[in-house]
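What follows is a short report on a single structure.
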Amino acid sequence: VQLQASGGGLVQAGGSLRLSCAASEHPFSSCDIGWFRQAPGKEREFVAAIRWAGSSTYYADSVKGRFTISRDNAKNTAYLQMNSLKAEDTAVYYCAAAFLPPRWPPDGYDFWGQGTPVTVSS
């Protein structure tokens, strides 16, 4: 599965962005999808995940209540709606896919997309 993340950009604090993660191949509907981010000088961190059927979601505490993960399997695309953005949300955001993972949330991901940068100005 090839993943393409898009939708990043520059936004003021308090604003919103929606990131998209488009997959190139059919197994997308059998994959749990995760969003991760990496800020300058920091390690990559988990942001959110969604089950292959969209039946379950899981969020990092830092984004809970502000970010929403969703997916449209008919379009082979997952989304991350980010509201009430803060300066500390500034990072490169990556999407990843876990094919038929044995656990929820997944403890590993098989495919990664390139990142899309998000900059939140305060």
Side-chain angles (χ1 to χ4, degrees):
V1 177
Q2 292 186 339
L3 303 172
Q4 177 89 22
S6 62
L10 174 65
V11 63
Q12 289 188 334
S16 299
L17 279 176
R18 188 175 84 154
L19 306 183
S20 297
C21 176
S24 62
E25 297 177 15
H26 166 69
F28 176 83
S29 60
S30 299
C31 294
D32 291 357
I33 298 296
W35 284 96
F36 294 78
R37 66 187 182 186
Q38 187 166 20
K42 295 187 176 181
E43 294 186 354
R44 185 176 63 196
E45 64 174 356
F46 168 80
V47 175
I50 187 166
R51 205 74 165 113
W52 62 272
S55 54
S56 297
T57 57
Y58 186 75
Y59 297 92
D61 288 343
S62 59
V63 307
K64 203 173 294 183
R66 300 188 298 121
F67 290 12
T68 302
I69 189 171
S70 62
R71 67 190 296 161
D72 185 342
N73 285 346
K75 295 182 178 180
N76 281 0
T77 303
Y79 306 96
L80 185 68
Q81 177 67 43
M82 307 187 295
N83 298 330
S84 302
L85 282 162
K86 306 174 182 179
E88 50 264 44
D89 294 318
T90 294
V92 177
Y93 284 71
Y94 300 86
C95 61
F99 181 66
L100 297 178
R103 299 178 186 82
W104 172 254
D107 53 11
Y109 288 80
D110 304 297
F111 309 99
W112 291 83
Q114 92 297 347
T116 185
V118 172
T119 302
V120 183
S121 62
S122 57

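At distances below 3.5 Å, at least one donor-acceptor pair connects side-chain atoms of Arg66 with backbone N or O atoms of Ser84. Panel note: side chain Asp110, backbone Leu100; no donor-acceptor pair is recorded below 3.5 Å. Under a 3.5 Å cut-off, the side chain of Ser56 and the backbone N or O of Arg51 do not form any donor-acceptor pair. In terms of modelled atom types and a separation under 3.5 Å, the side chain of Arg103 and the main chain of Gly108 share no donor-acceptor contact. Between the side chain of Ser55 and the main chain of Ala53, no donor-acceptor pair closer than 3.5 Å is present. Although no hydrogens or angles enter the test, the distance criterion places no donor-acceptor pair under 3.5 Å between the side chain of Tyr94 and the main chain of Ala5.
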* Leu17/Phe67 under side-chain contact (heavy atoms from CB on, under 4.5 Å): CA gap, chis, key distance, verdict -> CA-CA 10 Å; Leu17 279 176; Phe67 290 12; over 6 Å; no
* To do: Check the pair Asp61 / Lys64 against salt bridge (charged side-chain N to carboxylate O under 4.0 Å, His left out), numbers first and verdict last.
  => CA-CA 5 Å; Asp61 288 343; Lys64 203 173 294 183; 3.0 Å; yes
* Stepwise, does the side-chain contact (heavy atoms from CB on, under 4.5 Å) test hold for Ser62 with Arg37? -> CA-CA 12 Å; Ser62 59; Arg37 66 187 182 186; 3.5 Å; yes
* Show your working on side-chain contact (heavy atoms from CB on, under 4.5 Å) between Met82 and Val47 and close with a plain yes or no. => CA-CA 11 Å; Met82 307 187 295; Val47 175; over 6 Å; no
* To do: Apply the test side-chain contact (heavy atoms from CB on, under 4.5 Å) to residues Gln81 and Ser16: give CA-CA distance (whole Å), side-chain angles for both, the deciding distance (0.1 Å), then the verdict.
  => CA-CA 7 Å; Gln81 177 67 43; Ser16 299; 3.9 Å; yes
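The structure places CD of Gln4 at 10.5 Å from OG of Ser20, a figure rounded to the nearest 0.5 Å. Rounding to the nearest 0.5 Å places CG of Asn83 at 11.5 Å from CZ of Arg18.
Taking Ala97 as the reference, Leu3, Cys31, Ile33, Phe111 meet the side chain to side chain contact (heavy atoms under 4.5 Å, CB included) condition, with sequence neighbours excluded.
Aromatic ring orientation, Phe46 versus Tyr58: tilted (interplanar angle from 30° to 60°).
Taken together through direct or relayed side-chain contacts under 4.5 Å among Ile, Leu, Val, Met, Phe, Trp and Tyr, Leu10 and Leu19 form parts of separate hydrophobic clusters. Transitive grouping of hydrophobic side chains (ILVMFWY, heavy atoms separated by less than 4.5 Å) brings Val118 and Val63 into a common cluster. Hydrophobic clustering, with ILVMFWY side chains joined whenever heavy atoms are under 4.5 angstrom apart, groups Val120 together with Tyr59.
Taking both residues in full, the closest heavy atoms of Trp52 and Asp32 are given as N-OD1, 2.8 Å, listed atom of the first, atom of the second, then distance. For the pair Phe99 and Ser30, the tightest heavy-atom approach, listed with the atom from each and the gap, is CE1-CB, 3.7 Å. For the pair Pro40 and Thr90, the tightest heavy-atom approach, listed with the atom from each and the gap, is CD-O, 4.5 Å. Looking at every heavy atom in both residues, Phe28 comes nearest to Ala78 through CZ-N, 3.8 Å. When all heavy atoms of Ile50 and Arg71 are compared, the closest pair comes out as O-NH1, 3.7 Å. Contact record, Cys21 with Trp35: CB-CZ2, 3.6 Å, taken as the closest heavy-atom pair.
Crowding of Gln2 atom CD: a count of heavy atoms from other residues, nucleotides or ligands under 6.0 Å not exceeding 12.
Remark: aromatic rings of Phe36 and Trp112 are close, center separation under 6.0 Å.
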